[in-house]
Every structure is written in structure tokens, then in C-alpha cells.
Amino acid sequence: MDHQQTHKKLNSGNVKLLLRFLRGSKLLFALSILCSALTTLADMLTPQIVRGTIDNAIGGKASDFPAWVNALVARAGDFAYIGQHLWIPALAIACLGLVRVAAQFGTTLLNTSGSEVLVKNMRDTLFSHIERLPYAWHMKNSTGDIIQRCTTDVDRMRTFVAEQLTSVFRILILIAMSLYFMFSMHVEMAVIATAPIPLIVAYSVIFRKEMHQGFQRCDEQEGRVSDIVQENLTGVRVVRAFANEGLERTRFETANSHYTDLWVHMGHVIGKFFSIQDILCGLQILLVTVFGAVFAVNGKITAGEYIAFISYNGMLSFPIRRLGRMLSEMAKAGVSLDRLAYVMNAEPERDRPGAVDADMRGDIRFENVHFAYEEGHEILKGIDITIPQGTTLGILGGTGSGKSTLMLLLDKLYDLPEDGGRITIGGVDVRDIRTEHLRRNIAMVLQEPYLFSRSIADNIAMAGEDISRGAVEEAARAACLTEAIEGFTAGYDTFVGERGVTLSGGQKQRTAIARALTQNAPIMVFDDSLSAVDNQTDAMIRTSLEERFGTATIIIISHRITTLSRADQVIVLEDGRISEQGTPDQLKSAGGIYQQIYEIQLGIERGTHDAE
């Protein structure tokens with residue numbers, strides 16, 4: 001699917017998406033529009049009072065107002081009486097002014113309230129949807145770009161709806177009523193006033209396409225800049241450790257310069273657009289002023305009508321000038337809505353119809369499993385293995401051999417295609433198991449443990465809402481983390497900082513292990529999660545696991561032979577296939593990769609002991 005087709009697909013549902021975002025704020029915006037209409041009506045009636053005062057009350061001209069207006073004037077006396085008591089039209093204008101002020105206050109208050117409700121609903125909806133999107137989607141979309149969509153694009157939509165979209169109704173009322181009063185007073189003058197409008201509208205529509213494309217390029221580049229900032233703030237220790245500040249600064253400045261150049265170009269486009277628009281609007285005002293003066297001198301219109309025409313033309317030129325800003329904001333909002341629609345149109349994780357809460361205390365089977373992240377590059381190639389319930393499986397293999405991929409498929413973080421074989425637990429295909437149930441019963445400690453900017457206790461207790469402090473402390477003991485925690489002044493309440501920056505690599509891994517232990521899950525997966533701890537701590541953790549989870553099925557991925565030495569069986573993955581399989585004792589003398597690594601690591605350990 002090319003970009004244009006994608007764009008059309010996104011546009012088709014944009015109106016529905018906007019209406020979805022507007023839930024809870026529609027009434028507020030509707031009342032705001034009503035107040036805005038009342039403001040416009042007050043503006044429209046003022047020139048008519050001025051016209052009647054000049055032409056009829058002072059000039060003595062016979063009234064050509066509608067009968068209901070003449071009846072209203074008669075109740076106040078008549079035009080002659082009003083001409084002698086000019087405080088009456090002055091009071092009427094003052095009252096209209098008060099109505100206008102009150103209506104404008106209502107418009108601002110309701111608009112502000114509606115916009116805040118709108119932006120809250122947008123953020124809540126986006127966050128909830130993003131949390132349910134597949135792991136694969138998050139791997140394809142950068143964090144910086146997602147954040148930029150949920151902040152800049154959300155604020156841009158709020159600005160457009162609150163400031164521009166609601167103004168559309170006021171502008172339509174202004175145009176309709178201005179044209180009505182102008183044509184009712186003098187058709188020829190009204191035609192002169194409206195003649196340039198089609199040209200201005202056509203010109204604005206032509207420019208809108210160029211502005212839309214320009215704003216889209218700016219938004220995409222802003223996402224790239226956000227990516228660089230997010231990566232550098234997250235990986236600040238790596239940047240500092242390698243003295244890479246200069247390189248990263250150059251990378252940021254290059255991206256930022258391109259971003260600036262795009263906005264400078266947009267400034268030229270917008271400046272040209274508004275300049276030409278101002279010339280056309282100025283020409284329209286000039287035509288009305290000149291021809292109106294000529295008609296007034298020749299007696300074709302009265303002085304009151306001329307003043308009213310100038311007032312209505314000013315009101316008409318306001319929405320025409322506003323049209324340019326509206327189209328500019330509409331182009332920005334269109335890009336932002338497309339970008340938000342890209343997120344909202346992404347298909348969330350869904351269970352198969354009839355998905356079950358299967359018994360997770362059964363054998364795990366990988367049956368002829370094939371999988372590729374990208375078409376034509378298969379990662380797993382016919383994996384067949386049974387992991388009996390309550391046993392420990394060790395997995396050894398080089399980088400890219402498919403070790404972690406196996407576990408991601410087991411946990412349904414990636415979906416196994418229908419023709420990719422089967423993964424079963426207790427005979428039930430994982431594709432038929434309800435996803436939430438599956439993941440609550442598989443405790444995973446990933447290769448790169450992620451800790452949140454919270455206390456150590458909060459990070460350990462994240463596996464559930466009802467985990468007690470006692471359970472947290474017990475899990476910490478099992479993960480050999482207690483001594484490290486007691487070394488901190490605040491103990492379990494120690495704030496770990498963003499991504500656990502205040503902890504060492506081994507402490508982060510043990511915190512992640514403790515978090516997994518609080519699940520008491522029947523299946524536990526450790527994806528190279530003991531690499532940053534020493535051999536003694538490694539042995540203590542494995543002993544603790546055996547004592548605590550004797551009946552759990554445990555899968556350990558590791559490059560350290562000692563970590564795998566107490567597994568019931570070990571498989572060696574090579575290029576996506578199982579090249580060796582057996583017990584640790586069998587494999588260390590089988591002449592394969594396992595034996596080679598075993599002898600290398602054994603030699604290193606002996607050398608270390610000799611040196612000591």
C-alpha cells in the first residue's frame with residue numbers, strides 16, 4: 001500500500017475519530033457556539049440601530065424596516081421622538097454591548113472547559129489504546145515519535161477544535177447575516193462587496209494543499225528530533241562513558257537544523273499566502289469604500305446606509321481574513337489527525353473467539369515452529385521440543401540464534417502465524433489461550449530489565465495490585481537482593497531513578513527477578529537475566545528458585561554454562577535450529593558447541609582461581 005492509499009484510508013475514518021474524541025465535550029462546544037452566535041447577532045444589530053438613527057430619526061426618511069421593527073419603535077414613541085431623545089439608541093447600543101460581553105464570556109468559558117475535557121479524553125483514549133497495541137507495533141514505531149503524537153499533535157487538535165472549528169459557526173453566521181443586510185439595503189453595492197470573495201476562497205484552497213504537505217514534513221521531522229532527545233536522555237551514561245557528547249550533539253544539531261529549515265520554508269509559504277490575501281482583502285475594502293462614497297454622493301444610498309455598509313463590510317472582511325488562518329490551522333490539524341489516526345487505526349491485541357483460561361501446569365510443546373520477523377529471513381526453522389511440567393530447560397546459543405524469539409512467541413508478544421507450527425501448554429495452543437491469563441501465568445525476566453522511576457518496593461510489586469510488603473521482602477530474599485536493599489538509607493523505599501539508573505546492572509537484574517517471583521507463576525522464563533551477577537550469587541539464586549518453585553516449569557536462557565548446569569535438559573540453538581539436545585552432563589562431553597563453551601569457561605574459572 002503506497003502513502004497516498006494509506007492517507008486516504010486514514011482520512012476515511014478521521015471524522016468518526018474526531019467525534020469519538022469529542023465525547024463528553026460536545027455539549028460544552030455546542031453551548032459555546034450558541035453564545036458565539038449571540039455575540040454575532042449583537043454585532044449585526046448595532047449598525048442597523050446607527051442606520052435608523054441617522055436616516056430615520058435624524059434625517060426624517062420614511063422607515064423601510066420590517067413591520068416588527070417599526071412596531072417596536074412605535075412603542076418607544078416614533079423615529080421623530082427618538083431623534084429628539086438620542087439617549088434611546090445609545091442605551092440600545094449599550095444593552096447590545098452588555099449582551100455581547102456576557103455572550104463572549106460564556107463563549108470563552110465554555111470553549112476552555114470543552115477543550116480541557118477534549119484533550120483529557122484524547123490522552124486517555126490514546127494511552128489506553130497504545131497500551132493494548134502488539135509488541136511488534138511498538139518495535140516498529142519509535143518512542144520519540146509516539147510521544148510526539150500524544151503531545152504536540154494532541155495539543156494541535158485541541159487548539160484547532162477550541163479556536164478554529166467553533167469559530168466556523170460564528171463566521172458562517174457573520175457571512176450570512178452580513179450578506180442578508182447588505183443585499184436588503186442595496187443590491188449593486190452588495191455585489192461589489194462580494195465579487196472578490198470567490199477569488200480569495202479559490203486562492204486559499206490552492207494554498208491549503210501545499211501547507212498540508214509542508215506541515216506533514218515538519219511533524220515527521222519533529223518526531224525524529226524527539227527520538228534523538230529521548231535516546232540521549234535515556235542513554236546518557238553510555239554517551240558520557242564513551243565521551244560521545246560531540247558526536248551526539250552534531251547528530252542532534254543536524255536533525256534540528258533540517259527541522260528549522262522546514263519551518264523557515266513554511267514561514268515563506270505562509271507569509272506569501274497572507275500577503276496576497278491581505279492585498280485581495282484590501283482591494284475588496286477599497287472597492288466598497290470608493291463605490292459607496294460615489295453612490296452616497298449621487299444619492300443612490302443614504303449616509304446611514306453607507307455607514308452600515310462600511311460596518312458590515314468590516315464584519316465580512318474579518319471572516320475572509322480569518323479564512324486564511326483557518327486553512328493554515330486546518331492543514332496542521334489535518335496532519336495531526338492523520339498521525340493520531342495512524343495510532344488509533346493500529347489493531348490492538350485480540351484473543352481468538354472462544355479463548356480459554358487453560359491449565360498452565362502442563363507440558364510445554366514447540367511443534368515444528370517456524371518464524372520470521374521479516375519475510376524471507378527466517379529466525380526459527382522447525383523447532384521441536386517438549387518441556388515436561390515442573391522441569392528446567394536451559395537454552396544456549398549465539399546472538400541471533402532465536403533464543404529470545406522462542407520466549408516472545410511463548411508469551412504471545414509476537415503472534416505465531418498459522419503456518420508456523422504450534423506452541424502448546426498442556427495440549428492447548430497458546431493462540432487459543434486468553435492473552436491476559438497466559439501472561440499472568442508466565443513470569444518473564446527479560447534480557448534487559450526495565451525498572452520504573454519508583455521505589456524498589458514499587459518495582460518489585462508491579463506484578464499485581466494486592467502484593468503485600470511481606471511478599472515483596474520474601475521475593476527480594478529469594479533473588480538475593482536483601483543485602484543490597486539494606487545498604488540503602490531508605491531501604492525498600494529507595495527511589496531507583498529513571499530506568500533504574502541508580503542501581504548497578506546486577507541489582508537491576510535481581511530486582512527484575514524479584515518482581516517475577518511475586519507472580520508465583522507456574523512457568524518462569526529467565527532470558528539471560530543472570531549475566532550481570534557473579535557466579536556465587538548466580539548459584540544462590542538458582543538454589544533459591546529450586547526451593548521456592550520446585551513444581552514450576554523454568555526456562556533459563558544463558559551464555560554461562562554454570563547457570564545451565566542444573567537444568568534437566570539443555571538445547572543449543574544454531575542458526576534457528578536445535579543443533580544439540582541433552583542433559584548438561586551429556587553435552588559437556590558430546591564434542592559440540594556446549595562442550596567448547598564449557599571448556600573455555602572452565603579454563604577461565606581455573607585461571608581466575610590460580611591467580612587468586
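None of these values were measured; they are calculated from a predicted model. Atoms considered below: every heavy atom in the structure, side chains included; atoms not considered: hydrogens, waters and symmetry mates.
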If the threshold is 4.0 Å, N to carboxylate O, is there a salt bridge linking [X] and [Y]?
{"X": "Glu474", "Y": "Arg477", "value": "no"}
{"X": "Lys140", "Y": "Asp145", "value": "no"}
{"X": "Glu116", "Y": "Lys120", "value": "no"}
{"X": "Arg350", "Y": "Glu347", "value": "yes"}
{"X": "Asp429", "Y": "Arg431", "value": "yes"}
{"X": "Glu349", "Y": "Arg434", "value": "no"}
{"X": "Asp585", "Y": "Lys588", "value": "yes"}

Just verifying a value: how many Å separate [X] [atom1] and [Y] [atom2], rounded to the nearest 0.5 Å?
{"X": "Ser401", "Y": "Leu380", "atom1": "OG", "atom2": "CG", "value": "9.0 Å"}
{"X": "Ile456", "Y": "Leu481", "atom1": "CD1", "atom2": "CG", "value": "6.5 Å"}
{"X": "Arg365", "Y": "Arg422", "atom1": "CZ", "atom2": "CZ", "value": "9.0 Å"}
{"X": "Leu247", "Y": "Arg249", "atom1": "CG", "atom2": "CZ", "value": "10.0 Å"}
{"X": "Thr125", "Y": "His129", "atom1": "OG1", "atom2": "NE2", "value": "10.0 Å"}
{"X": "Cys150", "Y": "Arg339", "atom1": "SG", "atom2": "CZ", "value": "10.0 Å"}

Would [X] and [Y] count as having a side-chain donor-acceptor pair, cut-off 3.5 Å?
{"X": "Asp458", "Y": "Ser455", "value": "yes"}
{"X": "Arg224", "Y": "Gln221", "value": "yes"}
{"X": "Thr435", "Y": "Asp351", "value": "yes"}
{"X": "Asp153", "Y": "Ser336", "value": "yes"}
{"X": "Asp411", "Y": "Tyr135", "value": "no"}
{"X": "Thr482", "Y": "Glu473", "value": "no"}

Exercise. Report, as yes or no, whether the 6.0 Å neighbourhood of atom CZ on Arg20 holds more than 12 heavy atoms from other residues, nucleotides or ligands.
Key: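 Not more than 12 within 6.0 Å, no.
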Quiz item: Around atom NZ of Lys26, are there more than 12 heavy atoms of other residues, nucleotides or ligands at under 6.0 Å?
Solution: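 It does: Lys26 NZ has more than 12 such atoms within range.
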Heavy atoms only: give me the nearest [X]-[Y] pair and the separation to one decimal.
{"X": "Ala521", "Y": "Ala552", "value": "O-CB, 4.0 Å"}
{"X": "Asp384", "Y": "Asn368", "value": "OD1-N, 3.0 Å"}
{"X": "Leu438", "Y": "Met360", "value": "CD1-CE, 3.5 Å"}
{"X": "Ile383", "Y": "Gly576", "value": "CD1-O, 3.3 Å"}
{"X": "Ile442", "Y": "Gln519", "value": "O-NE2, 3.9 Å"}
{"X": "Val570", "Y": "Leu564", "value": "CG2-O, 4.0 Å"}

Sub-3.5 Å donor-acceptor pair from the side chain of [X] to the main-chain atoms of [Y], do we have one?
{"X": "Gln569", "Y": "Thr386", "answer": "yes"}
{"X": "Asp363", "Y": "Gln389", "answer": "yes"}
{"X": "Arg439", "Y": "Lys412", "answer": "yes"}
{"X": "Gln581", "Y": "Val572", "answer": "no"}
{"X": "Thr511", "Y": "Gln507", "answer": "yes"}
{"X": "Asn459", "Y": "Leu451", "answer": "no"}

Practice problem: Is it possible for you to check whether Arg454 lies under 6.0 Å from the centre of the six-membered ring of Phe452, through NZ or CZ, and within 45° of that ring's axis? | Solution: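 Geometry flag: set, cation within 6.0 Å and 45°.
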Practice problem: Kindly determine whether Tyr259 and Glu222 satisfy side chain to side chain contact (heavy atoms under 4.5 Å, CB included), including the steps that lead there. | Solution: CA-CA 7 Å; Tyr259 179 53; Glu222 184 179 356; 3.4 Å; yes
Exercise. For Leu587 and Ile593, run side chain to side chain contact (heavy atoms under 4.5 Å, CB included): C-alpha distance rounded to whole Å, both residues' side-chain angles, the deciding distance at 0.1 Å, then the answer.
Key: CA-CA 9 Å; Leu587 294 180; Ile593 295 174; over 6 Å; no
With the side chain counted from C-beta on, respond yes when [X] and [Y] share a heavy-atom pair under 4.5 Å apart, and no when they do not.
{"X": "Phe371", "Y": "Glu378", "answer": "no"}
{"X": "Leu410", "Y": "Leu408", "answer": "no"}
{"X": "Val161", "Y": "Leu22", "answer": "yes"}
{"X": "Asn441", "Y": "Arg361", "answer": "no"}

Exercise. Would you please test Glu418 and Arg352 for salt bridge (charged side-chain N to carboxylate O under 4.0 Å, His left out) and show each step?
Key: CA-CA 12 Å; Glu418 294 295 332; Arg352 281 182 173 181; 2.4 Å; yes
Practice problem: If the plane angle is over 60° it's perpendicular, under 30° parallel, otherwise tilted; pick one for Tyr598 and Tyr594. | Solution: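 Parallel, since the angle between the ring planes stays under 30°.
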Exercise. Kindly indicate, with the supporting measurements, whether the criterion side chain to side chain contact (heavy atoms under 4.5 Å, CB included) is fulfilled by Val343 and Leu126.
Key: CA-CA 8 Å; Val343 175; Leu126 283 164; 4.1 Å; yes
Practice problem: Identify the residue among Ile557, Leu396, Asp527 that makes a side chain to side chain contact (heavy atoms under 4.5 Å, CB included) with Lys403. | Solution: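 That would be Ile557.
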